[in-house]
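Written below as C-alpha cells is the structure these notes are about.
For the numbers below, each heavy atom of this structure counts, side chains included, while hydrogens, waters and symmetry mates do not.
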Amino acid sequence: MKQHIVDVLSIPFINTTKDQLVKDMNQRISRNEKTFVVTANPEIVEYANAHQEYKDILMNADYIVPDGIGIIMASKLMKQPLIERITGFDLLHDLLKLADQHAYRVYFLGAEQNVIEKAAGILQRDYPNMTLAGYHHGYISVDDAELAASIAAVKPDIIITALGFPRQEEWVTLHNPLFEKGLFMGVGGSFDVIAGKVNRAPAIWQKLNLEWMYRLIQQPSRWKRMLVLPKFALKVLSKRK
C-alpha cells in the first residue's frame with residue numbers, strides 16, 4: 001500500500017494512525033525487513049533543514065513519525081492535516097507489546113549505565129515474554145564499529161537507540177549495514193522516563209499538548225532548545241497556503 005505523506009518544511013511525515021503504523025511495523029519485523037523509524041518534532045525539522053547531512057539521513061528513513069504537537073499544528077496551517085500525533089514514547093511501548101506477543105529480540109542502547117540497567121529491568125518485568133537481547137549505555141562514540149558489531153551479532157528484531165538526535169539517527173545510518181534485520185528507532189530520553197530519572201507529563205498536560213512546557217519546568221536547561229520553536233512557527237506561517 002502506498003504511504004500517504006505530508007511534507008512539513010520539506011520533511012516527509014507519514015500520515016497514518018498509530019494503530020495502523022504498529023501493524024505495518026509488525027509485518028516488516030515478521031518478514032525480517034530492515035526498518036528505520038525517526039520520531040521527529042519541530043526541533044528535529046529545524047536541525048535537518050540547517051544540516052544537509054542529517055537531512056539526508058532522515059530522507060532515507062522508512063517512516064518519519066510526527067512526534068510533537070508543533071508538527072500537527074503546522075500540517076493544519078498548511079491545510080494538509082496529519083491524522084494524529086504519534087509520540088516516540090507511546091510507539092516504543094507498542095513495539096514492546098509486539099515483542100511480548102511474538103517473543104521478539106530487543107536491544108536497548110542509550111542513557112547512563114545505571115539508568116539503562118534500571119529501565120531494562122523494568123521493561124523486562126512489564127513485558128516478560130519479550131526476549132531481551134542486551135543493552136548498553138549511551139556514552140559511546142557513534143563510530144564505534146566494534147560495539148555495533150557486537151549488537152548485530154545477537155540478531156535483535158528491534159533496536160531502540162536513546163542517544164538523542166542527531167546521534168541516534170547517525171548511529172543507525174552508519175551501522176545499519178552490519179545488521180541482517182531489525183527495526184531501528186530513536187527515542188531520545190525515554191529510558192530516563194522509564195527509569196524514573198525524569199517524570200513524564202501527567203495525562204492532563206498531555207491532553208492539553210503541554211508536555212514540552214512540563215519538560216521545560218523539570219529541566220530549565222532546555223530553554224535554549226525551545227528558542228527554535230518561534231523560528232519554526234514563522235517558517236510555517238510563511239508557507240501556509
Might you point out which heavy atoms bring [X] and [Y] nearest each other, and give the distance in Å?
| X | Y | value |
| --- | --- | --- |
| P42 | G70 | CG-CA, 3.8 Å |
| A103 | T131 | O-OG1, 3.4 Å |
| I159 | G182 | CD1-CA, 3.9 Å |
| V8 | V45 | O-CG1, 4.0 Å |
| M130 | L96 | SD-CD2, 3.7 Å |
| T17 | I86 | C-CD1, 4.0 Å |

Is it true that a side-chain atom of [X] and a backbone atom of [Y] form a donor plus acceptor pair closer than 3.5 Å?
| X | Y | result |
| --- | --- | --- |
| D144 | L147 | yes |
| R105 | I158 | no |
| N15 | I5 | no |
| H175 | V142 | yes |
| N26 | L98 | no |
| K34 | N176 | yes |

Rounded distance (nearest 0.5 Å) linking atom [atom1] of [X] with atom [atom2] of [Y]:
| X | Y | atom1 | atom2 | value |
| --- | --- | --- | --- | --- |
| I160 | L91 | CD1 | CG | 8.0 Å |
| R85 | I69 | CZ | CD1 | 6.5 Å |
| F36 | I64 | CZ | CD1 | 8.5 Å |
| N32 | L183 | CG | CG | 12.0 Å |
| L163 | Q168 | CG | CD | 6.0 Å |
| L82 | H4 | CG | NE2 | 12.5 Å |

* Is there a donor in the side chain of T87 and an acceptor in the side chain of D90, or the other way round, less than 3.5 Å apart? -> yes

* Does the side chain of N60 pick up a donor-acceptor pair with the side chain of T173 at under 3.5 Å? -> no

* Pairing residues for E117 by the side-chain hydrogen bond (donor to acceptor under 3.5 Å, both in side chains) criterion, not counting sequence neighbours -> Q113

* Structure fact -> By side-chain hydrogen bond (donor to acceptor under 3.5 Å, both in side chains), T35 pairs with (sequence neighbours left out) R28

Parallel, tilted or perpendicular: rings of [Y] and [X] (30°, 60°):
| X | Y | value |
| --- | --- | --- |
| Y47 | F165 | perpendicular |
| H93 | Y127 | tilted |
| F179 | W171 | perpendicular |

* Give the intermediate values and the outcome of side chain to side chain contact (heavy atoms under 4.5 Å, CB included) for residues F89 and V187. => CA-CA 7 Å; F89 190 84; V187 295; over 6 Å; no

* Working for side chain to side chain contact (heavy atoms under 4.5 Å, CB included), residues F108 and S190 -> CA-CA 11 Å; F108 301 127; S190 292; over 6 Å; no

* Which is it for V37 and L95 under the side chain to side chain contact (heavy atoms under 4.5 Å, CB included) test, yes or no, and what are the steps along the way? -> CA-CA 12 Å; V37 183; L95 284 171; over 6 Å; no

Is any side-chain heavy atom of [X] closer than 4.5 Å to a side-chain heavy atom of [Y]?
| X | Y | value |
| --- | --- | --- |
| I44 | L58 | yes |
| N114 | K118 | no |
| V65 | F13 | no |

* Tell me, yes or no, whether the heavy-atom count around Q52 atom CD, taken from other residues, nucleotides or ligands under 6.0 Å, exceeds 12. => yes

* **Pairs satisfying ring pair (Phe, Tyr, Trp, His ring centres under 6.0 Å), at least one member in residues 130-157, at least two apart** => none

* With sequence neighbours excluded, give me every salt bridge (charged side-chain N to carboxylate O under 4.0 Å, His left out) pair touching residues 149-177. => K155-E180, D157-K181

* To do: Go through the structure and list residues passing salt bridge (charged side-chain N to carboxylate O under 4.0 Å, His left out) with R31, not counting sequence neighbours.
  => E33

* Asked: Under the salt bridge (charged side-chain N to carboxylate O under 4.0 Å, His left out) test, which residues partner K18, sequence neighbours left out?
  ->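 Applying salt bridge (charged side-chain N to carboxylate O under 4.0 Å, His left out) to K18 gives D94.
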
